[in-house]
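What follows is a single structure, written as structure tokens, with notes after it.
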Amino acid sequence: MKQKQLVAQAIVDATEGQLSLDEVMSKIEVPKTYDLGDYAFPTFILAKLYHKAPQQIAPELVEKISGDAFDKVQAVGPYVNFFIDKKAFSHNILNQILDQKEAFGQQDLGHGGNVPIDMSSPNIAKPMSMGHLRSTVIGNSLAELLKKANYNPIKINHLGDWGTQFGKLIEAYKLWGSEEEVRQDPINTLLKYYVHFHQVDEEHPELDDEARAWFKKLEDGDKEATELWQWFRDESLKFFKSIYAKLGIEFDSYNGESFYNDKMDEIVSILEDKNLLQESRGAEIVDLEKYGLNPALIKKTDGTTLYITRDLAAALYRFRTYDFVKSLYVVGNEQTNHFKQLKAVLKEMGYDWSDDIHHIQFGLITSGGKKLSTRKGNIILLEDVLNDAVDLAKKQIAEKNPDLPNKDQVAEEVGVGAVIFHDLKNDRLNNFDFNLEEVVRFEGETGPYVQYSHARAMSILRKAGQIDLENADIAGLQDEGSWEVVRQLANFPAMIKRAVEEYEPSVITKYAIQLSKSFNKYYAHTKVLTDDAEKNSRLAMVASVAAVLKESLRLLGVKAPDEM
Ligand code: ARG
């Protein structure tokens, strides 16, 4: 950034103030290839002013620019190309990183504002799906990124612990359940009942009526229904927490759908007061035609409430509790319509803050191109995925580095990290296919590859022995090989900004892969530990790469072992 400003200032000076700094800044380009310099200024905007062809203007400007701050300034056609002073630039950036360490890239975009993040939010008595995994890891990474940009994220697990499915589950349990069986293996057993219910009710629709009746009882506070529900919830949550522990992710709140039970009457009465509720075939709806949306169903014929009613209560509760600057919902794109309706109803209720609600959507994870669904029972269980990934990592470590100390812990960090990294690698809106072998590979654009690059940098530093880099003279580097790496290091703060503004952790994933590639390329051609005048600067660069890779991984929720 500073360098670009330097370039812009040079143009402003050379044009004797005919253009403003902002104007010039907005025109400066980064050429595709290095032979055209680090920055380029297109002279087209000066053609009218000077009554000359841009090709003529470019060399005249070059004449007027004093070369001190740059390695070289050159006219190529209508462009003025700047080659910035690599040594000065890398001197600056390397010292900055050594100085700030993991704080490098920190910036104040959020001024401390609260941002609730609705994330993970699995459904009680069902296994966590790969979709919930996506929500969990995207949400967690967004929280870290927001923190880095001085927002205050609040991670909320909006558990699916209420709704008609509990009627189904209770009905299924009453029909076929055994307490013994549930105690032994709660999630799988409850899932089995649930899947069985859906198989049977296709031929016995009367079961659906029974299920609805149970949910109604639950909403009315019936003792038996409540006890069963509480039991299912406790067992499920215990299990979910074991997965979160494995992923290294914590929540600030587990206020799920049931938390809003006593907060829904208020929603209904606000809607009534504002004349927004309409009756439609016995049910209560809010018409959303002017938004081009289907009506929002607020209350069913039997008086039971719905998913969206609970979300309305949750939105209002979050606004009152956190006075948020924005409120995020990390939920798959199959719920796009739901969140459009939610925002529209809030808008109708007169809440302008509905504009600060953002549905952070993401695509599906497929397996062999097929959608995964709990109803059909063809799910990949998240715990299996994580365990398999760790096993694969173990195998690879046994081959590559059999003497590694604390192998098991490293395998855990690599295996779990690989799954998280893979999940964050693609633009979140893309669907992607999950293939474990590919995810845990040590080569290619994977988490283990980035972790390995970090570990390699750490090993170079170990080999260098005790060097006090913080007090050494880091003069800077100017060779082509290091330049690629240095430029990318300098780009880290801008990447964080972009990731935060686009709610897109993949910006950081891609960045970490790029930085790893450049570093490995550099390392293949350069002897870092040769004793010469630039050794300290090279080591400073290696230390900076290690620090920035580690911080990138941390922002993604992935550990960076020092050795692997
Ligand atoms: N439990 C829901 C599901 O698994 C996701 C909840 C998302 N959050 C929300 N506030 N609606 O589909």
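All ligand and atom numbering here is 1-based and tracks the order in the structure.
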Query raised in the report: Would you call Glu210 and Lys168 a salt bridge, taking side-chain N to carboxylate O under 4.0 Å as the test?
Result: no

Query raised in the report: Centres of the Phe232 and Phe166 rings: under 6.0 Å?
Result: no

Verify the ring-centre separation between Phe251 and Tyr254: is it less than 6.0 angstrom? yes

At a 4.0 angstrom heavy-atom cut-off, ligand 1 is contacted by Asp118, Ser121, Asn123, His132, His158, Tyr307, Asp311, Tyr329, Val331, Gln335, Phe339

### Query
Using the benzene-type ring in the case of Trp, are the ring centres of Phe324 and Phe319 under 6.0 Å apart?
yes

Quiz item: In terms of heavy-atom contacts, does CZ of Phe362 have more than 12 from other residues, nucleotides or ligands at under 6.0 Å?
Solution: yes

Only one of Asn152, Ile117, Leu109 passes side-chain contact (heavy atoms from CB on, under 4.5 Å) with Leu146, and that residue is Ile117

